[in-house]
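Handing you a structure now.
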Amino acid sequence: MKNKKLNIKFRIPEELHKRMLLDLKRPHPFAYERVGFLFAKTVKLSPNVNLVIAIDYLPVGDNDYINDKEVGAKINSNAIRAAMQGVFEKDCGCFHVHLHNHSGRPSPSFTDAKSLPGIVKSLNNIAPKHTNGFLILSRDAFYSSIKTDSISVIGYPFLLQYPIKKTIKDLMFDRQSFLGTNSQSLFENIKVGIIGYGGGGSHIGQQLAHLGVKNLTIFDYDKMEDTNLNRLIGGVYTDIKKAILKVNIAKRVIKRIFPKSNLTLIAKKWQQAPEELQICDIILGGVDSYTERQQLEAECRRFLIPLIDIGMDVYDSGGYSMSGQVILSMPGSACMSCYGFLTEDKLAKEAAKYGNVGGRPQVVWPNGVLASTAVGVFVDLVTGWSGNSDGVYLSYDGNSGKITDHIRKQFTSEKCDHFRIENTGKPNYTKI
Amino acid sequence: MNFPEDQILELKSIAPDLSVAQDGGYTYIRIDNLQLPDHCQPNVVNALLCPSQRDGYASSLFFSAHIAGLPNPRNWNRINVRILGENWYAISWGVTPGYRLAELLLIHLSALR
Ligand SMILES: [Zn+2]
């Protein structure tokens with residue numbers, strides 16, 4: 001077991017990334033470059049996959065630099081002590097960080113290579129149970145002393161760095177090259193989870209396959225039934241009799257469009273295979289209750305995963321009205337409770353109806369509109385092609401066919417108090 | 001959410017192993033190694049006490065396992081509920097607000113009788 005390769009995924013919230021860049025860019029009276037410490041929690045997802053989640057950043061104080069012309073930034077024992085204290089208090093690992101102020105992937109300088117391993121060694125002595133190392137930032141990329149599968153910055157656009165592989169030019173994607181030169185290899189490397197392969201999820205799976213999103217994890221514990229045939233894309237009449245699992249319908253559709261795709265099919269509730277969800281970089285959710293949304297959002301926030309949620313409803317209020325929503329729940333920004341979409345009142349009403357939810361109305365076209373919109377939000381998030389970094393809370397009026405910003409969006413603060421960045425990763429229980 | 005010191009002490013006299021954590025805007029009191037009545041299987045579990053309104057219940061007690069062997073059938077309407085990175089189970093058990101923490105725990109535990 002010992003020599004089995006350990007895959008590490010490193011996730012950094014955008015807010016921390018911005019804070020690091022701002023701090024490290026500031027000139028110092030004499031030090032040539034600045035240094036800071038990034039605290040990170042490690043979550044073991046499986047014997048060979050670790051998730052490292054950054055939770056806080058500590059700049060080195062102006063007075064804690066030593067004037068040494070030989071070295072870009074030499075820091076004193078005060079600075080190291082402050083980092084040690086952070087490690088103890090937060091019970092986490094620590095990364096020494098500094099900036100090479102250019103674009104593209106940085107690499108360690110001669111002095112970096114000479115001096116930094118010593119600091120990492122002391123960090124490993126202080127926090128032997130955690131992941132420690134050093135990170136060199138450029139304006140838009142990283143060098144990491146630990147070998148990582150991916151390093152991502154969770155925000156808009158989603159910054160994803162993965163080991164350089166040659167991408168093969170494929171005519172299949174000829175017409176979507178405006179998404180950016182890098183877009184196809186981003187689609188090839190990102191791991192996307194779809195929760196629920198029903199009316200919404202089945203449109204999403206099909207479209208992600210067309211886009212060339214290679215690594216998909218699909219969760220659905222249900223089998224195809226008569227009542228699904230009105231909207232489950234790729235589901236056919238004979239699947240009903242054979243009681244085919246919906247995840248197998250997903251496989252059939254996606255593999256036919258994009259045979260190279262790498263599918264993980266989970267015929268269970270995501271709560272029964274949470275590690276498979278936690279490893280995904282982005283989640284698209286088509287779940288059918290508020291309580292499911294609440295749990296899904298909490299889990300995504302804990303593991304720094306953007307969640308794109310869709311849903312629709314038909315109400316009878318003396319004439320039918322159809323409505324739906326697409327929400328991007330971005331860690332560090334407004335959540336579904338901030339937006340007023342998830343409320344105690346809705347959760348209570350839903351709980352009161354428990355057991356007799358019945359077959360709520362669901363039809364193919366609004367599912368398609370909402371799923372397509374969600375896929376659009378996903379593509380923009382990953383490629384940044386539109387440059388629109390505003391949050392997403394779209395409201396769909398099925399009677400008029402209009403999609404507009406939800407009225408509550410403009411009144412919602414972008415700061416979320418329900419989910420704090422320091423609460424990501426392993427829960428922080430305080431003994432009382 | 002902060003809990004009054006005297007109520008915590010009172011709760012500790014029933015369940016000594018307590019900690020608190022927050023998730024999604026809710027504050028939970030975690031009770032490790034909570035001793036349940038002898039007929040319960042298992043009869044030692046971890047639990048999460050949520051003293052505030054959640055899912056339409058004024059307060060809730062989540063168990064780390066589904067508990068069998070109860071003399072009265074109960075409606076376990078919250079199964080595999082994901083909170084604080086773990087799966088939990090709860091009985092549909094309405095408790096009116098206004099109780100002290102220790103009372104709250106005992107009233108929720110009475111569902112197991
Ligand atoms: Zn919030």
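Just so we're on the same page: letters track the sequence lines, and every chain starts at 1. In what follows, every heavy atom counts, from backbone to side chain, and hydrogens, waters and symmetry copies are set aside.
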| Checking side chain to side chain contact (heavy atoms under 4.5 Å, CB included) against B/N80, which of A/Q272, A/K269, A/Q295 comes through? |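 Answer after filtering A/Q272, A/K269, A/Q295: A/Q272.
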| said: Can a donor-acceptor pair be found, under 3.5 Å and without considering hydrogens, that links the side chain of A/K349 to the backbone of B/G56? | reply: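 Judged by distance alone, no pair lies under 3.5 Å.
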| field | Toward chain B, the part of A/Q278 with a non-hydrogen atom under 4.5 Å | value |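 Only the side chain of A/Q278 comes within 4.5 Å of chain B.
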| said: Need one label for B/L18: side chain, backbone, both or neither, based on atoms under 4.5 Å from any heavy atom in chain A. | reply: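 Answer is both: backbone and side chain atoms of B/L18 are under 4.5 Å from chain A.
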| said: Below 4.5 Å, heavy-atom pairs only: which of A/R420, A/K346, A/H418 has the largest tally toward chain B? | reply: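 Of A/R420, A/K346, A/H418, A/H418 has the most heavy-atom pairs under 4.5 Å with chain B.
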| A/R301 bridged to B/D23 by N-O distance under 4.0 Å |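 Salt bridge between A/R301 and B/D23, a charged N being under 4.0 Å from a carboxylate O: no.
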| said: Heavy-atom cut-off 4.5 Å, strictly under: side chain, backbone, both or neither for B/E5 against chain A? | reply: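 The answer is neither part of B/E5.
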| chain B heavy atoms under 4.5 Å from A/N423: which part of the residue, side chain, backbone, both or neither? |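 Contact with chain B involves the side chain of A/N423 alone.
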| request: Using non-hydrogen atoms and a 4.5 Å limit, figure out which bit of A/Q294 sits close to chain B: side chain, backbone, both or neither. | output: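 Only the side chain of A/Q294 comes within 4.5 Å of chain B.
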| query | Looking at A/S337, A/P274, A/A298, which has the largest count of heavy-atom pairs under 4.5 Å with chain B? | reply |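 With the most close heavy-atom pairs to chain B, the winner is A/P274.
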| query | Heavy-atom distance under 4.5 Å to chain B: side chain of A/E299, backbone, both or neither? | reply |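 Looking at A/E299, just its side chain touches chain B.
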| task | Indicate whether any N or O donor in one side chain lies under 3.5 Å from an N or O acceptor in the other, for B/Q22 and A/Y429. | result |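 A/Y429 and B/Q22 do not have a side-chain donor-acceptor pair below 3.5 Å.
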| said: If you define the side chain from C-beta out and look only at heavy atoms, does anything of B/L84 sit under 4.5 Å from A/R302? | reply: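 They are in contact (side-chain heavy atoms under 4.5 Å apart), so the answer is yes.
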| If you measure from OH on B/Y57 to CD on A/E344, what distance do you get to the nearest 0.5 Å? |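 CD of A/E344 is found 12.5 Å from OH of B/Y57.
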| Can you say whether B/Y26 sits under 4.5 Å from chain A via the side chain, the backbone, both, or neither, judging by heavy atoms? |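 The side chain, not the backbone.
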